[in-house]
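Hydrogens, waters and symmetry mates play no part in the numbers below; they use all other heavy atoms, side chains included.
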Amino acid sequence: MVEIGKKAPDFKLESDTGETVQLSKLKGKAVVIYFYPKDDTPGCTTEAKDFSAAHEKVSAAGAVVLGISPDSVASHCKFKTKHDLAVTLLADPDKVAAQAYGVWVEKSMYGKTYMGVERSTFLVDRTGKVAAAWSKVKVKGHVDEVMAALADLPG
């Protein structure tokens, strides 16, 4: 996991619109980065819809939300269209960002271990430093926690 108060690891990933998004180019805005395991699965869909519902409030606060998973740009496009999502989704098929943020971890289900994304969220302040971090996120109520932290950011 990245440390609160330290510079957020930079990344450059392709978005659901085909544009390249680089974290360091967003300096001056607060950035909510949420890592999620897989497009169009129940928890991930709920989380994306919740962040989408908060889109206007996030924008009004001068912030952006970036959802990151190992899924492809094509998968993100389909997911975004199907659920009418307002958040920007970034493809991290090589897990570069997930590894930099410490969320590509060993998981286990039904006695089998595998590598996957641990649902996590990071709030990056306007100077590019990590202001808050949530790991092993429970989706219900999570966006409210993030919005409260965003409201507490200076500037």
Can you get from [X] to [Y] by hopping between Ile, Leu, Val, Met, Phe, Trp and Tyr side chains that sit under 4.5 Å apart?
| X | Y | result |
| --- | --- | --- |
| V87 | V139 | no |
| Y36 | V73 | no |
| I4 | V103 | yes |
| M115 | I68 | yes |
| V2 | V105 | no |

Q.
Taking atom CD as the centre, does E56 end up with more than 12 heavy-atom neighbours from other residues, nucleotides or ligands that are less than 6.0 angstrom away?
A. no
Q: Answer yes or no: are there more than 12 heavy-atom neighbours, outside K129 itself, under 6.0 Å from its atom NZ?
A: no
Are any non-hydrogen side-chain atoms of [X] and [Y] less than 4.5 angstrom apart?
| X | Y | value |
| --- | --- | --- |
| P70 | D92 | no |
| V130 | E3 | no |
| V58 | V64 | no |
| S24 | K12 | no |
| F11 | L90 | yes |
| W104 | V117 | yes |

Donor-acceptor check, side chain of [X] to backbone of [Y], threshold 3.5 angstrom: yes or no?
| X | Y | result |
| --- | --- | --- |
| D125 | A131 | no |
| S52 | L85 | no |
| S108 | K112 | no |
| T41 | G43 | no |
| S72 | S75 | yes |

Kindly compute the distance separating [atom1] ([X]) from [atom2] ([Y]), expressed to the nearest 0.5 Å.
| X | Y | atom1 | atom2 | result |
| --- | --- | --- | --- | --- |
| L66 | I33 | CG | CD1 | 6.0 Å |
| L89 | L13 | CG | CG | 11.5 Å |
| S69 | D39 | OG | CG | 4.5 Å |
| L26 | D10 | CG | CG | 9.0 Å |
| D152 | M147 | CG | CE | 11.0 Å |

Q: Apply side chain to side chain contact (heavy atoms under 4.5 Å, CB included) to T121 and E145, showing your working.
A: CA-CA 11 Å; T121 303; E145 292 176 315; over 6 Å; no
Q: Give the C-alpha distance, both sets of side-chain angles, the deciding distance and a yes or no for side chain to side chain contact (heavy atoms under 4.5 Å, CB included) between E106 and Y114.
A: CA-CA 6 Å; E106 187 174 276; Y114 61 97; over 6 Å; no
Q. Is E118 paired with K107 through a side-chain N to carboxylate O contact shorter than 4.0 Å?
A. no
Q. Is any NZ, NE, NH1 or NH2 atom of the basic residue among D40 and K82 found under 4.0 Å from an Asp or Glu carboxylate oxygen of the other?
A. yes
Q: Run the numbers on K140 and T46 for side chain to side chain contact (heavy atoms under 4.5 Å, CB included), then give the verdict.
A: CA-CA 8 Å; K140 188 173 171 61; T46 299; over 6 Å; no
Identify the heavy atoms of [X] and [Y] that sit nearest to each other, and give their distance.
| X | Y | value |
| --- | --- | --- |
| A91 | P93 | C-CD, 3.3 Å |
| E47 | V137 | OE2-CG1, 4.2 Å |
| A132 | W134 | CB-CH2, 3.7 Å |
| G18 | E14 | CA-OE2, 3.5 Å |

Q: Mind checking ring pair (Phe, Tyr, Trp, His ring centres under 6.0 Å) for F79 and listing every partner two or more places apart, or none if nothing turns up?
A: H83
Q: Classify the ring geometry between F35 and Y101 as parallel (under 30°), tilted (30 to 60°) or perpendicular (over 60°).
A: tilted
Q.
Does L153 form a side chain to side chain contact (heavy atoms under 4.5 Å, CB included) with R126? I'd like the steps, not just the answer.
A. CA-CA 9 Å; L153 279 184; R126 290 163 181 80; 3.7 Å; yes
Q.
Consider side-chain hydrogen bond (donor to acceptor under 3.5 Å, both in side chains). Of K78, K80, H76, which one does D16 pass it with?
A. K80
(Q) I'd like to know if the side chain of D50 pairs up with that of H142 as donor and acceptor (distance under 3.5 Å, no hydrogens or angles considered). (A) no
